[in-house]
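A short write-up of the structure that comes next.
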Amino acid sequence: VIALATKGPPIDWAGLSPLVALIGGSLVVLLVGLLSSRMVRERVVPALTIVSLGATLGLTIWQWHDKKSIISGALRVDDLALVLCLIFLAAGLAAVLLSLRAAAPEQSGHGEYHALLLSAIAGMLALVEAQNLVSLFLGLELLSISLYVLCASELRRERSLESGLKYLVIGSVGSATLLYGLALIYGATGSTDFSGIAAALKGDVVSDPLLLTGIALVSAGLAFKSSAAPFHQWTPDVYEGAPTPITAFMAVATKAAAFGIFLRLFDIALIDASLNWAPLLAAIATITIIVGNVGALGQSSLKRLLAWSGVAQAGYLLAGVVVATTLGVEATVYYLAVYTAMNVAAFAVVVARERETGLGDDISALSGIGASRPWLAWPMTIAMLSLAGIPATAGFVGKFYLIDATVDGGYTWLGVMIVIGSMISLGYYLRVVAAMWMPPRGAPEAQAGARPAIAGGSPEADAQRDVPATAVAVVFGAASLFFGIIPSPLFHLAQDAGRSLGLL
Amino acid sequence: MPLSILIWWPLAFALVGALAGRRWASRVVLGGSLIALGLAVYYLFAFDPHDKGLQFVTDETWISALGIHYKLGLDGLNLFLVALAALLFAAAIAAANLREWERPQLFYFQLGLAESAVLGAFCAQDLALFVVFFDLMLIPFYFLIGAWGGPNRVPATMKLVIYTLVGSLLMLAGAIATGVLATGQSHITFVLSELQQLPLSKGSQEWIFLFFAAAFLVKMPAFPLHGWMPDGYRAMPLPVLAVFSGVLSKVAAYGFLRIVLPIYPDAAVHFQTLLLLIALASILYGSIMAFTVRDARLVVGYSSVAQLGFITLGIFALNPQGAQGALLQMLNHGLVTAALFFIIAVLARRAGGSEDIRDMGGIAFRAPVLAALFLIVALATLAMPGSANFVGEFYILLGVFNSKLAIAIVAFTGVVLASVYVLRVFIRTMHNRVGPKVESREISLRDGAVVAPLVLVILALAVYPQLPLGRSEAAAKASVKTAQNVAHPPERPGLVGPPTQQGAPQGTIPPEQQAPPPDQSGAAPQGQTGGQVQVQP
């Protein structure tokens with residue numbers, strides 16, 4: 001009798017398989033990390049993590065074009081989720097490769113570090129597959145809690161601990177706000193299912209103050225997660241303090257996850273209330289674009305600079321959510337993919353230079369590398385030009401797509417805001433390029449491996465050329481260039497994702 | 001032969017050069033640019049002057065989701081500008097070959113990339129593709145100036161790039177808005193010929209026009225938007241400056257004719273006076289600055305502001321004479337500016353490295369050939385009757401006379417001012433007392449090999465300006481036709497009355513456009529031009 005009463009819903013294991021692969025991989029990695037052999041910890045654990053990511057990739061591709069709801073409609077496997085999953089996997093793979101010689105896994109334990117990374121990805125996947133408010137929150141917390149710990153994983157560095165703590169406190173506020181908002185939306189519509197909410201909004205619930213408050217709180221909560229202004233203040237501090245591979249991962253994957261759920265929640269569940277939330281999100285997008293770009297102008301720390309630039313980019317992405325059309329979804333997804341390529345390339349260069357120079361993530365660590373380290377300088381240059389939206393890079397096509405979507409959706413002024421933001425952004429992206437290629441004449445180059453021991457600043461410095469980090473930089477830099485010249489493969493993915501939502 | 005070959009040729013050679021190593025990079029890229037020049041000359045002769053449409057068209061879909069086509073083509077508007085770009089790049093790369101550069105592979109790679117981007121911008125027949133090339137061509141210059149420039153190069157580069165990209169990004173927004181708003185519910189397109197057929201509301205046209213004008217006026221540069229010019233010009237290496245000033249500003253002026261007038265005709269008419277006043281201000285301000293500054297580069301720089309003012313004036317006369325004059329003047333200005341910069345490089349080497357005209361003087365004494373070359377270029381610059389510049393300015397002023405008399409009268413002073421600043425530079429450098437560090441010697445063969453071809457082309461154009469005028473006539477007319485029809489709706493066939501004095505030139509033109517006698521349009525350019533001159537009151 002008890003067995004019958006607790007009988008679970010039918011589970012489509014095929015649809016669930018990417019998630020299972022991630023969680024299973026996470027457990028295996030955690031256990032293997034307990035072995036005492038140093039070789040196993042340093043080599044086998046990352047290898048197993050990569051295997052787990054690879055398996056997930058295979059399963060994701062297997063599920064392609066299969067639109068289905070699984071676990072009684074708690075999750076939905078469709079092309080949007082799968083495309084975003086590819087982004088998480090790319091970011092995760094990059095993070096593992098960048099962590100190979102980092103201090104963080106050494107100090108916190110390789111098993112734990114990699115297991116948390118995998119569980120964060122699992123959380124992201126669950127989040128973007130979410131089809132009701134509860135699974136949304138579960139996914140969000142799984143990813144957030146893993147990341148709180150990962151930020152603090154460089155145990156012996158105060159800044160890392162500070163970063164983790166700060167992220168925990170502010171992230172919890174964000175989660176609480178979000179949860180409260182979700183509860184209010186449930187209260188107003190009487191349903192936790194996205195489809196139920198959408199159906200309820202066809203009635204006269206739309207102008208219910210309860211719903212409006214709920215939407216406002218949910219917007220604020222998700223803005224915390226996606227670091228949109230005015231909820232972005234944690235971003236530079238957390239990004240700067242966290243171990244750089246984790247920063248890279250957070251910057252792209254968390255953002256992709258947050259925007260995935262933005263798209264699902266606002267453009268599907270709350271679509272009929274769009275008259276209420278669109279002006280709000282448009283305002284947030286505008287503020288974010290301005291604040292992020294202006295904030296980045298004076299930064300000399302590359303990680304802080306990229307953090308502020310990430311804030312600004314969140315503003316561009318929000319513009320794609322605001323218009324709530326298929327074109328908007330496509331543009332957002334495309335830009336997320338492109339954003340991943342260019343940001344990972346930039347962070348990989350930062351990681352490599354941190355280890356080579358001992359100057360940490362200061363912009364001076366890049367001084368003159370155009371001549372001395374072209375394999376790092378070119379990816380960084382492409383990444384910066386791409387972030388700035390220069391033609392022949394993927395960032396240009398991405399911005400083109402977003403502006404196209406905004407004008408098409410009747411938000412021409414938001415398109416102009418994106419352009420104005422890009423103008424301000426030239427001020428800092430080009431400064432980085434100038435540092436690499438145009439060092440003051442006669443100045444000593446900040447240089448490769450010359451004096452790491454006395455440099456002091458960074459414990460990461462060991463003066464060896466970092467092959468995996470360089471490889472990551474080159475691959476993602478090349479992708480930023482490739483998709484600027486031949487964007488159609490990514491367009492097809494974005495269009496699949498856009499169609500799977502079934503908007504206008 | 002597809003145009004893509006011409007466009008990508010320099011970049012392909014630049015890549016090969018970058019891989020070829022330090023010693024060979026310069027020669028490989030020079031070879032590439034010479035072959036590109038050969039191709040451009042081939043197009044000049046293969047071009048069929050009787051065909052009014054686009055020739056050598058390539059049309060592929062580049063990004064179907066965004067409706068962006070890779071469409072290239074040549075017509076009377078860009079045919080000679082492509083040749084000009086190829087010529088100046090070849091000359092600049094040859095001039096760069098005369099000295100050593102740090103990291104030569106990268107230097108020549110950037111020059112090759114720049115050439116490809118500029119040729120692409122001239123050939124593009126798709127609005128989005130044009131924007132791509134227009135923005136792209138700035139990037140190599142950012143590196144060329146920032147890494148190989150003179151004193152204060154990094155701030156100067158920043159200023160230049162931010163100024164110009166601000167304009168270009170506004171243009172990007174405007175271009176996307178054009179595509180989306182013009183096509184409405186149907187499938188989006190950016191192909192220029194299709195956009196011309198699609199009406200765009202007057203309100204949209206106006207703000208989009210301002211965005212485009214900002215991009216082009218910054219690039220030129222025109223008077224209130226020239227803030228990047230002095231620092232930028234001082235910082236650029238001279239061969240780079242020659243192409244930057246000679247070619248890039250023309251892309252902007254060409255953009256007005258290719259894109260702005262045909263696609264935003266209502267706005268062009270609406271803002272005609274504003275643009276004419278900006279042009280006038282550029283002419284006066286540029287001329288006055290050109291005879292007060294002492295840096296020889298800046299004299300040429302400010303004179304370019306004035307000359308580009310003339311070109312803008314011609315374009316916004318919104319009639320065929322003005323447009324044709326502007327086109328011819330673009331060609332002339334590109335040739336003389338580049339030649340002037342190469343000569344400045346030669347002069348500076350004889351004046352102990354200084355480019356200040358006070359340090360020069362008396363250089364002509366032992367250098368008659370150099371002095372003669374300089375004199376020809378100088379006289380062409382001040383639009384001496386007999387030079388092609390004279391013809392160009394004449395057409396421009398004729399066009400403005402027909403549309404805005406008052407502005408034309410003021411603009412005439414610009415012609416006088418030009419002779420003041422050009423002769424000042426010539427006298428101060430070549431004649432006068434010999435400067436303290438000046439060492440007068442003849443132009444070397446290698447320098448001569450760079451300057452002489454440009455001077456020859458200047459002379460050839462002076463003798464036979466009909467060649468570009470004849471081939472560009474149909475395209476220039478087509479470019480201004482819509483705007484002209486907006487400004488002066490063509491008279492209905494039944495209502496032929498005696499045209500007023502003011503309206504006379506315009507009144508006579510529409511019938512000519514609608515049914516041009518086939519034998520007259522290109523075959524007898526001289527007769528045609530003569531006919532237009534007679535129209536003048």
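Each chain gets a letter, A, B and so on, in the order the sequences are listed, and its residues count up from 1. Only heavy atoms go into these numbers, but all of them, side chains included; no hydrogens, no water, no symmetry mates.
Considering every non-hydrogen atom in both A/G370 and B/R103, the closest pair reads C-NH1, 4.1 Å. What you find for A/R431 and B/M158 is that their closest heavy atoms are N-CE, 3.7 Å. Scanning all heavy atoms of the two residues, the minimum distance from B/L136 to A/A392 falls at CD1-CB, 4.0 Å.
When B/I68, B/V180, B/L106, B/V154 are compared by the number of non-hydrogen pairs under 4.5 Å with chain A, B/V180 comes out ahead. Interface check for chain B: of the options A/Q495, A/M423, A/H492, the most heavy-atom pairs under 4.5 Å are formed by A/M423. Options A/I485, A/I420, A/I486 differ in how many heavy-atom pairs under 4.5 Å they form with chain B, and the most are formed by A/I485. Contacts with chain A were tallied for B/T157, B/I162, B/L170; B/L170 has the most, counting heavy-atom pairs under 4.5 Å. Annotation: maximal heavy-atom pairing with chain A below 4.5 Å, among B/F211, B/F134, B/W62, B/Y142, occurs at B/Y142.
Contacts between A/T412 and chain B at a heavy-atom distance below 4.5 Å involve the side chain alone, from C-beta outward. Of the atoms belonging to A/L430, heavy atoms from both backbone and side chain fall under 4.5 Å from chain B. Contacts of A/T381 with chain B are made by side-chain atoms alone, with heavy-atom separations under 4.5 Å and no backbone atom involved. For chain B, the nearby part of A/F396 is the side chain; its heavy atoms alone come within less than 4.5 Å.
Looking at heavy atoms from C-beta onward, B/L181 lies in side-chain contact with A/V407 at the 4.5 angstrom threshold. Contact of the B/L169 side chain with the A/L426 side chain is registered, since non-hydrogen atoms from C-beta on lie closer than 4.5 Å. Between B/V132 and A/F400 the shortest side-chain heavy-atom distance does not fall below 4.5 Å.
Counted within 6.0 Å of CH2 on A/W375, heavy atoms from surrounding residues, nucleotides or ligands total 12 or fewer; the atom is thus considered open.
If you take CG on A/L385 and CD1 on B/I139, they are separated by 5.5 Å, rounding to the nearest 0.5 Å. The CG atom of B/L172 sits 4.5 Å away from the CD1 atom of A/I403 when rounded to the nearest 0.5 Å. Considering OG of A/S425 and CG of B/L165, their distance stands at 9.5 Å, rounded to 0.5 Å. B/L66 CG to A/L327 CG: the interatomic distance, rounded to the nearest 0.5 Å, is 8.0 Å.
Taking the six-membered ring for Trp and thresholds of 30 and 60 degrees, B/F143 and A/W437 have ring planes more than 60 degrees apart, a perpendicular arrangement.
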